[in-house]
Amino acid sequence: MEQALTHELLNKLKEDGFTVLFAPGQHHQQSYVFIPIGVDVDEFQRLTALPDYQQDAFFTLEEALLMEESELFKHKVITS
């Protein structure tokens, strides 16, 4: 199920152990549909610096929690 991204949803995802919102192949889009994943953030950021990941978009949950709600709301996240 897709849900609009909000601070409330981000906090719930964080409580559930997710650390990153990942949107494969969506780097050049204005709004993203994220998949939440639970990975080591430092390792993930190191890997996404590789050319293979240049077309992907991602936010750490910590970064997303610092964003304005109005900016978050244009993005969606897939939840179960």
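Below, each value reflects all heavy atoms present in this structure, side chains not excepted, and no hydrogens, waters or symmetry copies.
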Revision key, fill the gap. Taken in chain and number order and not counting sequence neighbours, the residues that satisfy ring-ring contact (aromatic ring centres under 6.0 Å, His included) with Phe58 are Phe44

Practice item. Check ring-ring contact (aromatic ring centres under 6.0 Å, His included) between Tyr32 and all other residues, then give those that pass, not counting sequence neighbours. Key: Phe34, His75

Review point. Taking the side chain as C-beta and beyond, is there a heavy-atom pair between Glu2 and Val77 under 4.5 Å?
Key: no

Practice item. Answer yes or no: does atom NZ of Lys12 have more than 12 heavy-atom neighbours from other residues, nucleotides or ligands under 6.0 Å? Key: no

Practice item. Test Ile37 against every option in Leu13, Val20, Leu21 by the side chain to side chain contact (heavy atoms under 4.5 Å, CB included) rule and name the one that passes. Key: Val20

Review point. What are the two closest heavy atoms between Val33 and Gln26, and how far apart are they?
Key: N-OE1, 2.8 Å

Review point. Okay, side chain of His7, backbone of Met67: is any donor-acceptor separation there less than 3.5 Å?
Key: yes

Practice item. Step through the shown structure and confirm whether more than 12 heavy atoms of other residues, nucleotides or ligands are within 6.0 Å of CD on Glu68. Key: no

Practice item. Could you tell me whether a side-chain N or O of His27 sits under 3.5 Å from a main-chain N or O of Ala57, the two making a donor and an acceptor? Key: no

Point to revise | Electrostatic pair Glu43-Arg46, nearest N-O below 4.0 angstrom | key: yes

Check your understanding: Of the non-hydrogen atoms in Ala64 and Phe59, which two are nearest, and what is the gap between them?
Key -> CB-CB, 4.3 Å

Practice item. Evaluate the side-chain proximity of Phe73 to Leu5: yes if any heavy-atom separation is below 4.5 Å, no if none is. Key: no

Review point. Between Thr19 and Leu61, is any pair of side-chain heavy atoms under 4.5 Å apart?
Key: no

Review point. Do the non-hydrogen side-chain atoms of Gln3 and Leu9 ever get within less than 4.5 Å of each other?
Key: yes

Check your understanding: So, does Gln45 use its side chain to make a donor-acceptor pair with the main chain of Asp42 at under 3.5 Å?
Key -> no

Check your understanding: Above 12 or not: heavy atoms from other molecules or residues under 6.0 Å from CD of Gln54?
Key -> yes

